Number of protein chains: 2
Amino acid sequence: MPIPGAVKQLVRIAQEVETEQDLEFAMAEVTRELGFRYYALSHHVDFAATPDRATRLHNYPESWQDYYDRHRLGVSDPVHRASHVTSVGFCWSRIPEMIALTPADRAMLSLGRDQGIGNGFTVPAHVPGESRGSCSFASDAGGATPAHIFPIAQLAGNFAFEAARRLWLRRGQRAVVGTTPLTDRQRDCALWVARGKGDWEIARILGVSEETVAQHVRQACGRYGVNKRTLLLVQTLFDGTLTLTDIFRR
Amino acid sequence: MPIPGAVKQLVRIAQEVETEQDLEFAMAEVTRELGFRYYALSHHVDFAATPDRATRLHNYPESWQDYYDRHRLGVSDPVHRASHVTSVGFCWSRIPEMIALTPADRAMLSLGRDQGIGNGFTVPAHVPGESRGSCSFASDAGGATPAHIFPIAQLAGNFAFEAARRLWLRRGQRAVVGTTPLTDRQRDCALWVARGKGDWEIARILGVSEETVAQHVRQACGRYGVNKRTLLLVQTLFDGTLTLTDIFRR
DNA sequence: GCTGATATCCCCCTTTTCCGGGATGGCGGC
DNA sequence: GCCGCCATCCCGGAAAAGGGGGATATCAGC
């Protein structure tokens, strides 16, 4: 396992890289050293719509990026979706165990193979309140996947993403998310809203009147500047006021 | 750098560990091998309030855990808060550059030192929709911090947290994700529902009639056995059919 | 040629949510 | 003492969602 050289390179990426060109060069080098052919380091957003609000570096074929953007795969790519259900890197062959694949997903994956992209390894990168991202390494279609190197790829992906994120933060606007913007009671109501309860039912559970619940829900919506309980739900999940774990536990 | 042995151990943790005792033993071993004294692997929740809904493993002194729980530090611990602003592990000495420390934070850190906990390294672990978590390694107060080993600690933290998370998921029978994906059209509608659109508006966007949208939403709800669009939203987020990134893109 | 899944459209009726107004009492800061 | 924030309660009308019943057309697979 050619670890020491790779690790040295990774540390350099993490700490010293100052420009995107620098990072691209380092990524190409690390990718080669790990026995992969491609790398892709990006936020999971629609780049055609938001070209400069996110980070993307890769050495995939041009044609693949075009296809990717045209179909807005930044947000629906099954590799990205799978990276949202784990905290550690995963081999692409495990994706079907991780998420439910739609026919469109299968079509996309097979088209990727047609374009020369084989099996790969993706490291998720999530910072609460920021767009999710990941760093992937892939081999040529038909080429061998260097599975023994996955732990080092994990490390490489971690440091590489953080390096890209550092450049991104320096370059522009950071979306700093505040602390909990809801009162305790508003959060209680939001939690039961998330559990699918109606105002009447929540009133029963909390031991207050239906109007009070409606009022809390209204004001919670007001805090986020939204006008629907579905959006209240999305906002509370987004900023961590609620988590899916909160919602499912009893 | 004693990498190969540590890496081998890490891979074992990641893949083979079947019980918490197993994981505790492996963590103790890795901690020692990396030159640290303590480890702590936990979700960032208030354990006094939710004793068995989250994961926590550590070999800190008992007295420290008592203090921790009494003050509900699981959610306000500055180490945890710092781990929410990065995607990669960090040395505790860098915390003041990462977050604003309150007097209470400083008091807590100094008390930690009194209890024998020195400098440390913390690896964040975030899975969208789940409680945030982290894996920390710390040396004895006054002892040297094995800084050269940070990259390997990063890797150890990643794999260790995921191993703990795997056990946690298994314990709660949460890993089994529904095998009933939505049709493409149902997913389209669910996405716009998640964006807070009404049926009429979605009909406009998709170029179909309002009744058709209502029908797709109804049937999507049927797939998950729920009867409200808020619950449809929760379910699609839970099984990865939709992600918060999907919802916010555009 | 049939069946099942998908996607589209229509009507009617009930329940729930949303939105604009209110009101009261408590508590903490200035 | 006043002001702002929080929690509680109330009303009425407009809008949306939920739930039941239908229908037609396409397309894939057997």
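Remember, it's a predicted structure, so these values are computed and weren't measured experimentally. Just so we're on the same page: letters track the sequence lines, and every chain starts at 1.
Here the side chains of B/Tyr224 and B/Thr236 are in contact, with some heavy-atom distance below 4.5 Å. Contact of the B/Tyr38 side chain with the B/Pro61 side chain is registered, since non-hydrogen atoms from C-beta on lie closer than 4.5 Å.
Taking atom CG of residue B/Asp188 and atom C1' of nucleotide C/dT6, one finds them 13 Å apart after rounding to whole Å. Separating the NE2 atom of B/His216 from the P atom of D/dG18 is a distance of 16 Å, rounded to the nearest angstrom. The nearest whole Å value for the distance from the CD atom in B/Gln219 to the P atom in C/dA5 is 11 Å. As a whole-Å value, the separation of B/Asp184 CG from D/dC27 P is 16 Å. What separates CZ of A/Arg185 from P of C/dC27 is a distance of 16 Å, to the nearest Å.
Under a cutoff of 6.0 Å and an axis angle of 45°, B/Arg165 and B/Trp168 do not form a cation-pi pair.
Using a 4.0 Å cut-off, no side-chain N or O of B/Thr183 falls inside it from OP1 or OP2 of C/dA5.
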Going 5' to 3' through nucleotides 9-22 of chain C and flagging B where a protein heavy-atom sits under 4.0 Å of the base, S where only the sugar-phosphate is that close, and - otherwise, we get BB------SSBB-B
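Considering CG of A/Asp188 and NE2 of A/His216, their distance stands at 8.5 Å, rounded to 0.5 Å.
Taking the six-membered ring where the residue is Trp, B/Phe161 and B/His43 present perpendicular rings, their angle passing 60° and hence far from 30°. Between A/Tyr60 and A/His58, the angle of the ring planes lies from 30° to 60°, which puts this pair in the tilted group.
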